[in-house]
Amino acid sequence: MSEITFNDQKPVDFVAVGRLCIDLNANEINRPMEETSTFTKYVGGSPANICIGMARLGLNTGFIGKVADDQMGRFITQYLKDNGIATQGVTTDRTGAVTGLAFTEIKSPTDCSILMYRDNAADLLLETGDVNEELIASAKMVLISGTALAASPSREAVFLALEYAKRHGAVIAFDLDYRPYTWKSPQETATYYNLAAEKCDIILGTREEFDMMEQFGGNPERSDRITAAKWFDYSARIVIIKHGKEGSIAYTPDGTSHTAQSFPAKVIKTFGAGDSYAAGFLYGLMQGWTIERSMEFGSAAASIVISSHSCSDAMPTSEAVHDYMERCKRGEITANT
């Protein structure tokens, strides 16, 4: 069993807080964006993708965020509703802010990049008054995402959401989701990331993201164990440090490290892997699985999503993940890289 326990008396399984935006994924793949003429529109933003992933896996989910008063904002809200995600926590901006856009470039299965349009983005205008305490109080788990800490008033709204989650006994997960172009300086980023991480039970991030948080010193060796140990002095019960192709390692307060097998994939693009992994892993924990089994499930979910053109649309059902794992074990699916 994992180190995490959930309050099964609560009616909502999972609530995510933060960024709602639009992904515009290149249709002409294996070429630079300069040579790309058409894109397909999807709902995007890491917390949105994770929440959609949890909903597809069969959980009762909700979202707290802000959308623009435009066609894109209405598209996002309707998509959440269509996927069974409660939207009473999604508010509409009235100041003329716009929906954030992420254009994706798919030069090759391993060479992908994102061109972000984030000026005056509505999601960063989430205010403390928009944070639905009732929805958070009803949730077993609340997830925050680092991008929402990048500017006020969204930053304060996230800290209020953390306060409500603590008050009402929700398990808190922190997806680091570091996007440098959203921040004024690395020092500002590290300050607020560290303050938020102190309040969280589960922290998920790449080695590079944790390096950013440790820039003020304390871990010159870039040791995963030292990184994880710091957070066990606060609220953390599980710290996952991701190392790209080398896989992920989960650490627990007893000093144990946990790993799980990865799965082959016919990779189309790299983005979306972290969001689908998080959804699969957190879902596993909520089923009472071991950390290793939850990591394995997350890894399989990630392989499915990176084999698809989209992120949100490709989030798999539980049955699809189990089927994928079985097919991999039978040798029916092999990697293309």
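What you see is a predicted model; the values in this text were computed from it and never measured.
- Checking Thr104 against Asn25 by side-chain atom types alone, a donor-acceptor pair falls below 3.5 Å.
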Inset, instruction - Determine, step by step, whether Glu163 and Lys199 satisfy the salt bridge (charged side-chain N to carboxylate O under 4.0 Å, His left out) criterion, reporting the C-alpha distance in whole Å, the side-chain angles of both residues, the deciding distance to 0.1 Å, and the verdict. - result: CA-CA 9 Å; Glu163 175 64 27; Lys199 303 175 185 297; 5.6 Å; no
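- Contact detail for Glu105 and Arg31: the closest heavy-atom pair is CG-O, 4.2 Å.
- With respect to Arg19 and Asp123, no salt bridge is recorded, no charged nitrogen being found less than 4.0 Å from a carboxylate O.
- In the model, Asn27 has a side-chain atom that pairs as donor or acceptor with a side-chain atom of Thr40 under 3.5 Å.
- Side-chain contact between Ile333 and Phe263 is absent, with no heavy atoms from C-beta onward closer than 4.5 Å.
- Side-chain contact of Gln78 with Asp82: a donor-acceptor pair under 3.5 Å is present, judged by distance alone.
- When all heavy atoms of Ser235 and Asp201 are compared, the pair lying nearest together is O-OD1, 3.5 Å.
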Legend entry - Residues Lys66, Asp130; criterion salt bridge (charged side-chain N to carboxylate O under 4.0 Å, His left out); working and verdict: CA-CA 8 Å; Lys66 183 161 267 187; Asp130 300 322; 3.0 Å; yes
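- Checking Asn49 against Ser276 by side-chain atom types alone, no donor-acceptor pair falls below 3.5 Å.
- Classification of Arg207 and Glu214 as a salt-bridged pair holds, one side-chain N sitting under 4.0 Å from a carboxylate O.
- Heavy atoms only, all atoms of each residue included: Thr61 and Cys51 are closest at CB-SG, 3.9 Å.
- The CD atom of Gln261 sits 8.0 Å away from atom SG of Cys328, with the distance rounded to the nearest 0.5 Å.
- Here the OG1-CZ distance, from Thr77 to Arg74, works out to 9.5 Å after rounding to the nearest 0.5 Å.
- Linking Ile, Leu, Val, Met, Phe, Trp and Tyr residues whenever their side-chain heavy atoms come within less than 4.5 Å leaves Trp231 and Met295 in two separate clusters.
- When all heavy atoms of Ile106 and Cys112 are compared, the closest pair comes out as CG2-SG, 4.1 Å.
- In this structure, Arg155 is positioned above the aromatic face of Tyr192, its NZ or CZ under 6.0 Å from the six-membered ring centre and within 45° of the axis.
- Applying the side chain to side chain contact (heavy atoms under 4.5 Å, CB included) rule to Ala86 yields the partners Gln88; only residues at least two apart in sequence or on another chain are considered.
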Inset, instruction - Go through the steps to decide whether Ser312 and Asp23 satisfy the test side-chain hydrogen bond (donor to acceptor under 3.5 Å, both in side chains), and finish with yes or no. - result: CA-CA 9 Å; Ser312 54; Asp23 285 348; 5.9 Å; no
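- Rounded to the nearest 0.5 angstrom, Leu126 CG and Glu156 CD are separated by 10.5 Å.
- Across every non-hydrogen atom of Leu125 and Ala97, the tightest pair is CD1-CB, 3.5 Å.
- Ile240 is connected to Tyr283 through a chain of hydrophobic side-chain contacts under 4.5 Å among Ile, Leu, Val, Met, Phe, Trp and Tyr, so both are in one cluster.
- Put simply, CZ on Phe174 and CG on Leu162 are 8.5 Å apart, with the number rounded to the nearest 0.5 Å.
- Checked against the 6.0 Å centroid threshold, His258 and Tyr251 do not count as a close aromatic pair.
- Using a cutoff of 4.0 Å between basic side-chain nitrogens and carboxylate oxygens, Arg179 and Asp177 are scored as salt-bridged.
- Between the side chains of Asn7 and His168, no donor N or O sits under 3.5 Å from an acceptor N or O.
- The aromatic rings of Trp183 and Tyr193 sit tilted, their planes meeting at an angle between 30° and 60°.
- The closest side-chain heavy-atom distance from Met141 to Leu282 is below 4.5 Å.
- Below 30°, between 30° and 60°, or above 60°: for Tyr277 and Phe281 the angle between ring planes is below 30°, a parallel geometry.
- Taking Ile, Leu, Val, Met, Phe, Trp and Tyr as hydrophobic and joining them when side-chain heavy atoms fall under 4.5 Å apart, one finds Val67 in a cluster with Leu20, Ile22, Leu24, Met33, Phe39, Val43, Ile52, Phe63, Met72, Phe75, Ile76, Tyr79, Leu80, Ile85, Val90, Leu101, Phe103, Leu115, Tyr117, Val305, Met315.
- Considering every non-hydrogen atom in both Cys21 and Gly100, the closest pair reads CB-O, 3.2 Å.
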